[in-house]
Structure formats: C-alpha cells, structure tokens
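Here is how names work: the chains are called A, B, and so on, in the same order as the sequence lines, proteins then strands, and each is numbered from 1. All values reported here derive from a predicted model rather than from experimental measurement.
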Amino acid sequence: MKSEILYPGAFPMVRLELAEGEHIKAESGAMVACSPTIDIESKMEGGFLGALSRKFLTGEKFFFQTLRASRGAGEVLLAPTVPGEIVVLELDGVNEYMVQKDGFLAGADGVVIDSQMQSMSRGLLGGEGFFILKMSGKGMLALNSFGAIHKIELKPGQEYIVDNSHLVAWSTTTTYNIEKATSGWVASFTSGEGFVCRFRGPGLVYIQSRNPGSFGAWVRQFIPVSQ
Amino acid sequence: MVESTPNALCFGDEFSASGAPCLVHVEDHGLTITFFPDRDGAVSRSESLRFSELTVSAGGLDHDQLVATWVGFKGQRTLYLKSSDVIRAFRQAAPDHLSQPLERAAEQVRQVRQRHRMVWSIVGGALLVVVLGLWFGSDVLVELAVDRIPVEWERKLGESTYHDFLAHQDVMKEGPSVEAVKEMIHRLTGQIPESPYTFEVTVVKSDVVNAFALPGGYIVVFTGLMKKAESGEEVAGVLAHELNHVLQRHGLERIVKQLGFVAVVSIVLGNPPGLGGVMKQLGVELMTLKFGRAQETEADLTGLQLLYRAKIDPSGMITFFQRLAEKDEGRVEWLSTHPMSNARAERLKTQLAEMPKQNTEPFTFDWTNVRASQGAPISTLR
Ligand SMILES: [Zn+2]
C-alpha cells in the first residue's frame, strides 16, 4: 500500500493506493472519494453489543468503515473531521501505540485495533476518556490531530510533561503519571489547566498543537443562549 | 537474511527514538539479539549477551514488559520485550537473582489488574443501577442528586427568577387580596416550623388562572385564579399544594431531570461567564416546569395533611381542583404545569375520608369582600 499526504497543513487529505484485494479500516465518515473499484462496508467491530456499549461509554464512532479494493486496484482519499495534520506511521509488529479515540483516521488490514479500558484514575483525570485505542500489528496507520502534530522523542528515562488534552498517541514503551498542573485541587478543576501527564521514555509521544476542549469553549461563547 | 519477525525493541543512542526492532532468543547462557537491516540495506547483525551483563526490571505502560539494560560498545542499551513466550523462557533460563524483580513486578501487575477489575466491577454495578433506575423510571437518582444541592443555591435560583418575573408584572402591593393570601400563607407555614425556607408571597394582577411556587419558597398568586375560587379555603388548597412542591424540592428534581445534573453542577462550581446564561435558561425552565404525576400526587396528599394541621377546611381544595378541571371556559394556566386527572380528586377524597373529623377554623377575611376588591362582577358572587 502506498500512502501520500496531500495538501499538508491544516486541511490535508491522505491518498492510499490499494492493490486488488487489499483493504483498510477507516474512521466512519473519513472517506472523501475513491476509485470505482473500491467497495465500502460499514462493519461493527466487536459485534452489535460491543459497538453499542462502546458508543455509549466512549462516544466513539459506532462503525469503522472498511474500504476494500475488491474489483481491482484503486485509490482512496481520506480526510478527518477536524482541521489538523495527518501523520502516517508504519507499524512493524513490535512498536505499539496508544491512541486517544479521536486520533484514529485509518489503518491497514494488518493493524489490530483494540479498545482498552483505562484505570479509573487515568480515565477520570487523563482527559482522553475511559477508553483508548491500542494499535498493534503490522502496516500503515494514519493518525489525525487538531492543529499540527508534533513528535516528541524520549530516550530511556527521559521525562517530558504534556497537557493531557493535547495528547494524540504514545508508544507502549513509555510510562506516564498524571499530575496536577497547578498546586491545589480546586485550582486544577477551575483554572482549566487541569492535569498534565509526566511521560517517561523510551518511546514516542505525538501531541497536537491545539486543544479541542478549549476551542469548543471558545466557540461556545459566541453562540447565543436560546430562550 | 533473517526470515522471522521482530519481537523486541532496542533503545540506544545510535537508534531512533521509537527503538530498533530486533529478534531476541533466550539461550542457556544469555540472550542473542539479532538486529534487522534498516532501510539503508545494511546487513543484519547479531549480538550475544550473558545474563551476568544484564540488569532487569519491569516497564512499559502497563508494567508488563521485560526491560533489560546493559552497557554495550556504544553506551547504554535498553531492551523492551513484551512477548509473553520470550518472557517465560527468560524466567526459566535466567539465574534467580535476575528474574526476581520480574517475579515481583508480575505479582504487582496481577494486583494492579485485580484492583482495576474490582474498581471497574463496582463502576459497572453502579452503571447497571443507573440504567435500571432510568429504565424503571425510578426517581431515586434524581433525588440523590437533588439532595446534594444546598438550600442556599436553591434560594438563589428561585429568587433571581422571582424578581425577573415580577419586574414585568402588575404587582398588587396592598389591599384585601394581599391580606387574604398573606393570612393563608401564615396559617399554612405556621405548621411547618422546621422548614429551611422563608416563604415570600406576591399577588399579581392578571387574568391568567395560575399560581406557582419557585424553588426556595417564592410564591406568586394571580388574581385570575382567585376570581375562579368561591372561598378562601379553595385558594388555600392550591397554596398548600404549591408549598409542598417547594418542601419536597420538586422543582429542582424537574430541573435535574430535564437539564441534567451537569447543568446544576456547573452552577454549583460557579463557572462565572457561563453562569448568567445557565441561570437565565433555568429561569425559563422554572416558569414552564411541568410537574410529574408522582409529584402531583405527593404535593396533593402532603398539601391535604398541611391543610388539616392548619385547621383549614380541606374540602375546598378538592372542589376547586374539580371545578378547574371541569370548566372549559378559558384557559387554566395552572393545569398546564400541574396536570390534572380524575384519579387525583378521587385519591384526595379517599384520603380525606380516612382522616379523623376535626373542627376547622375559618379565615378572618370575608371572601366576598376580597373578590369585590378585585372588581369581580357582583352577579358571580354568592
Ligand atoms: Zn402541582
């Protein structure tokens, strides 16, 4: 599978060339355009109940789309919902990534997507919800961000602090602790600074340059309260 | 050329930050690590390590990976192994002192997992209760949430709505109507001395047939409703009913149910810029709040008991409810927020029949005068 990022920057698309018989999983609604040889299937991962409980518990997309080049080779154009960069990683079978649930755009067939429940404290304080996606296996993995994507490379034992709402993905060789951004619990809850993650290498941490929650709050102030 | 797939990641200064994929074999004396050719097409190479060179710990996001470190030719190297087969082989082959930290870590991981499972089953159980609660229409959860809202907040909420509302109304400051309503409220609230609310009542000059009580004890009576009543006892019946909506915090229950607990929490946490908007929205909700059937029944029955304790003839309440429900002349606003049913009047009658008879005390005002002061036509007076 060949991949190419078109229009890099705020409004990119990713073009994937599929060989005959090849297929990819994509976030539902990500497909922009495709060759007539491509079939689109909506599949509920984990069965109906699994999908339903995921939907209710995480607000995650009910369906993944499967795009299959069943009638010959062809290409697919994919784009995320929010303005922001796309990054394409190549999973090699040993590198695994945790991805916050809005960060997944598409994955090759060999990529295994696993919904994982976090520990209570990480779920409550981490800001990425109680479920995150674990990506393992082999092949192309496309992630998207809100704003630009920035890669932080951590050597063994090296630490870095990230505001949790800016997290996109991180390797499973890293560990992290959740810490208060400011002193005092009340301040943490009300200042909007909330919580930060102290990551410890080795591994990679991908962050996004904009915070979706803050942006939502900023937009909301311009929406009149309906009477 | 190595055919098999990598099973570990090796970190070190000469590798990229995501680590170099490699294949680890456990042998009797130590480990063999085979690196894969990178994209430049360099040949694969192997490295052998004795167990004695290694320091071992557990690491990774879930502390379930084997982390081995050693000092090589090119400085410190760190190996992350997550394949359970390889970890098992390592634990069998490696000397005891090396696998001890692993055993300890494995035990810790087991404990952490167990704790997570316990926490999650508690949460799952709680969720199940919530779902069942919603499924069976139980108001237990709403009540639980409402219990956490301090009276002070309730009062603030009711007060701002009350003043906002009255600002646009023709308020009656004095006169027989005001005196009469004040006497009713005084008689009724005299029977609820332990209430955390201080009740305030206003009579509004309007033909709208309505009366309402806002959370926190702010009561508004429209002259339209008083004109429809044939005695002070009838109006007192409506007031007793309204007072009990306040005492049972029915208004808050409806808000929590309709806007969600989040709205209330956002008020309680005091998100200053958003507060005004939420308050305004709540105010609108408060005025058009439609009570539920269970709440109506509760307010009816407790209202009846309150009338009884205050020695006000409770039959007025029943006849007034019936008359308001029957009469088709014009709109009765009060019914739109307090849905009436035949069962309501019937239940009140049964309840009243079960109460021991007692002598009632009449009000000091003359209802005919009160109505005349509102300009009611003489012909409708008895
Ligand atoms: Zn009512």
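- Between A:Y176 and A:Y160, a ring centre-to-centre spacing not shorter than 6.0 Å is recorded.
- Each of B:L9, B:D13, B:N7 has some count of heavy-atom pairs under 4.5 Å with chain A, and the biggest count is that of B:L9.
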Side chain to side chain contact (heavy atoms under 4.5 Å, CB included) for B:F15 and B:F35? Distances and angles first, verdict last. CA-CA 11 Å; B:F15 303 124; B:F35 289 94; 3.5 Å; yes
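- Contact annotation for A:F199: neither backbone nor side-chain heavy atoms come within less than 4.5 Å of a heavy atom of chain B.
- Counting non-hydrogen atoms of other residues, nucleotides and ligands closer than 6.0 Å to CD of B:Q111 gives a total above 12.
- Looking at B:T78, only its side chain comes within 4.5 Å of chain A, counting heavy atoms on both sides.
- Interface remark: A:P156 contributes side-chain atoms only to the contact with chain B (heavy atom separation under 4.5 Å).
- Only the side chain of A:K138 comes within less than 4.5 Å of a heavy atom in chain B; its backbone stays farther off.
- No side-chain N or O of B:D85 forms a donor-acceptor pair with one of B:S83 less than 3.5 Å apart.
- The parts of A:E96 that come within reach of chain B are both its backbone and its side chain, each placing non-hydrogen atoms under 4.5 angstrom from that chain.
- Residues satisfying the side chain to side chain contact (heavy atoms under 4.5 Å, CB included) test with B:R91, not counting sequence neighbours, are B:I87, B:S99, B:L102, B:E103, B:A106.
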